[in-house]
Number of protein chains: 2
Amino acid sequence: MATSTVENYVKQIYLLQQEYSPDLVPMGRLADIMGVVPGTATSMVKALADSELVEYEPRGGLRLTRGGEQLALHVLRRHRLVELFLVKVLNLDWSEVHDEAEDMEHAVSDKVIEKIDAFLNYPEFDPHGDPIPSAKGKVPHMKWKSLADCQTNCESRISRVLDQDSQFLQFVERNGLTPGTKIKVLNRDYHADSVSLEFKGRNGVTLGLTAASKILVQVME
Amino acid sequence: MATSTVENYVKQIYLLQQEYSPDLVPMGRLADIMGVVPGTATSMVKALADSELVEYEPRGGLRLTRGGEQLALHVLRRHRLVELFLVKVLNLDWSEVHDEAEDMEHAVSDKVIEKIDAFLNYPEFDPHGDPIPSAKGKVPHMKWKSLADCQTNCESRISRVLDQDSQFLQFVERNGLTPGTKIKVLNRDYHADSVSLEFKGRNGVTLGLTAASKILVQVME
DNA sequence: GTTGTAGTTTTGAACATTCAAAATATGGGT
DNA sequence: ACCCATATTTTGAATGTTCAAAACTACAAC
């Protein structure tokens with residue numbers, strides 16, 4: 001049985017892969033995100049390679065095996081279902097559930113997770129708009145595009161917030177940019193590094209491109 | 001912050017103390033219950049003594065300090081609230097929630113526990129009738145007496161089941177002896193090592209004294 | 001008083017995870 | 001071809017938890 005340390009490494013590798021794929025994930029990036037010194041990541045990755053959870057090329061980088069990916073999806077499923085449960089049933093604020101779920105994701109059994117899934121009526125997305133993998137490891141897909149990439153006059157709907165830092169989420173909430181909100185891009189200025197939005201009638205917030213890039217909208221097809 | 005190993009030791013010491021108090025808990029008993037060899041318990045207890053969670057007399061035994069007891073009650077509060085939550089909200093069977101809660105008790109934060117407590121409307125007892133300590137560490141008290149100590153014709157109400165082994169709980173449930181059930185002792189025979197009960201009209205089960213001693217009834221005053 | 005035995009403690013080693021610091025490899029600029 | 005900066009790996013040590021097996025203690029029985 002995988003320890004929770006192993007589960008955390010595999011989960012973070014999965015998330016990093018979204019950023020690097022099809023390239024290998026560099027060791028240093030993994031160390032950073034795990035909050036350990038590089039040598040620690042190296043030795044852990046070797047252990048993961050021995051258990052066939054990752055493929056590891058010394059000095060090249062790493063990627064998950066199919067088995068590692070399945071494990072990562074399992075952990076992410078638990079994490080995201082727990083988040084949604086905490087928000088919907090226990091009324092915690094969406095800005096705090098990510099941290100709560102970090103611990104709980106390793107402690108809830110499959111039996112409890114299936115009960116939660118049923119209780120919530122088989123949801124596809126968590127409170128931040130992240131997709132919830134199925135028990136078999138299928139990820140609901142949707143076409144997303146970052147706010148930073150929306151042109152002037154583009155109308156759309158906020159659907160996912162990538163940065164799950166509590167402060168950032170509170171900022172997003174204070175400004176009414178939670179998933180589901182319909183918005184229109186009033187102005188996008190690459191040189192001013194900003195995007196201004198209009199929504200819910202009142203015309204709205206101006207975001208820097210860095211913040212805008214962490215907010216995804218649904219692409220209407 | 002206490003690791004979950006430490007939380008488990010302290011919890012079990014607390015439970016053993018109910019059995020031994022006011023005497024010290026013997027090391028061997030702790031080792032047995034923790035499922036470790038005696039030497040492991042000794043070295044762990046020394047560490048607990050260093051953190052002032054237990055008082056330890058070499059070769060004599062051990063007991064919790066006030067601080068250790070507070071920690072134990074905290075853990076027990078989390079454990080029992082989680083159990084009740086799993087039964088009431090997620091509809092798990094009472095015979096399986098003990099094991100589920102063993103892991104979750106170390107992963108749910110105080111914030112989540114307080115939400116669960118409020119959601120359940122500040123309950124005093126868990127599904128097995130065990131008292132739920134308050135956030136401040138106060139334990140609801142009730143006068144209990146074992147079924148094995150009930151005389152012939154004694155009428156009472158089942159209120160607590162001490163053995164939380166899943167098989168035993170299923171047996172208890174199959175025979176309708178769950179907490180809340182009103183029963184009457186038809187016959188108690190010390191030499192035959194048995195107690196027979198009548199309840200819900202139909203007259204009922206006969207239990208050996210060992211089983212009977214694990215089922216507690218409310219003492220009516 | 002020696003001996004036996006049950007319970008306890010000590011010792012030495014292992015595993016998973018981590019760090020600090022030294023060693024090494026890689027790719028780019030000169 | 002050589003040197004440098006950066007990324008990575010290696011090495012050695014620490015922590016927390018565990019086991020196996022040897023050593024010890026206490027007390028009862030003879």
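The shown structure was predicted, so the numbers you read here are calculated from the model rather than taken from an experiment. Protein chains get the first letters and strands the later ones, always in sequence-line order, with residue 1 at the start of each.
For the pairing with E105(B), the side-chain hydrogen bond (donor to acceptor under 3.5 Å, both in side chains) check across R80(B), R78(B), K11(B), R77(B) returns one residue only, K11(B). Applying the side chain to side chain contact (heavy atoms under 4.5 Å, CB included) test between C150(A) and each of V195(A), L197(A), V185(A) identifies V185(A) as the sole match. Considering H79(A), Q164(A), H98(A) as possible partners of D130(A), the one that fulfils the side-chain hydrogen bond (donor to acceptor under 3.5 Å, both in side chains) test is Q164(A).
A donor-acceptor pair is defined here as one N or O able to donate and one able to accept, closer than 3.5 Å; such a pair exists between the side chain of Q17(A) and the backbone of L64(A). S194(A) places no side-chain N or O within 3.5 Å of a backbone atom of G208(A) that could act as its donor or acceptor partner. Put simply, the side chain of D117(A) never gets that close to the backbone of I113(A): no donor and acceptor are under 3.5 Å apart.
Note on residues 18-75 of chain A: no pairs pass ring pair (Phe, Tyr, Trp, His ring centres under 6.0 Å), not counting sequence neighbours.
With no hydrogens or angles considered, no side-chain donor-acceptor pair links Q170(B) and D93(B) at under 3.5 Å. No hydrogens or angles considered: nothing links the side chains of D163(B) and H128(B) as a donor-acceptor pair under 3.5 Å.
Contacts between residues 24-31 of chain A and DNA chain D, counted as heavy-atom distances below 4.0 Å, involve P26(A), M27(A), G28(A). Applying a 4.0 Å cut-off to non-hydrogen atoms, the residues of residues 34-54 of chain B that approach DNA chain D are G35(B), V36(B), V37(B), T40(B), S43(B), M44(B), listed by residue number.
Between V6(A) and R59(A), the one whose closest nucleotide on DNA chain C sits nearer the 5' end is V6(A).
If you walk DNA chain D from 5' to 3' and mark each nucleotide with an atom closer than 4.0 Å to a heavy atom of chain A, the marks span dT8(D) to dT10(D).
Rounded to an integer number of Å, the gap from CD of E57(A) to P of dT26(C) is 12 Å.
With sequence neighbours left out, P140(B) forms a side-chain contact (heavy atoms from CB on, under 4.5 Å) with E124(B), F125(B), P131(B).
With a 4.5 Å cut-off on side-chain heavy atoms, L84(A) and V97(A) do not count as touching.
Residue Y56(B) places at least one side-chain N or O under 4.0 Å from the OP1 or OP2 atom of dT9(C).
Relative to the axis of its first five pairs, the axis of the last five pairs of the helix from dG1(C)-dC30(D) to dT30(C)-dA1(D) sits at 30°, rounded to 10 degrees.
Using a 4.0 Å cut-off between a side-chain N of Lys or Arg and a carboxylate O of Asp or Glu, K111(B) and E100(A) do not qualify as a salt bridge. With respect to E57(A) and R63(A), no salt bridge is recorded, no charged nitrogen being found less than 4.0 Å from a carboxylate O.
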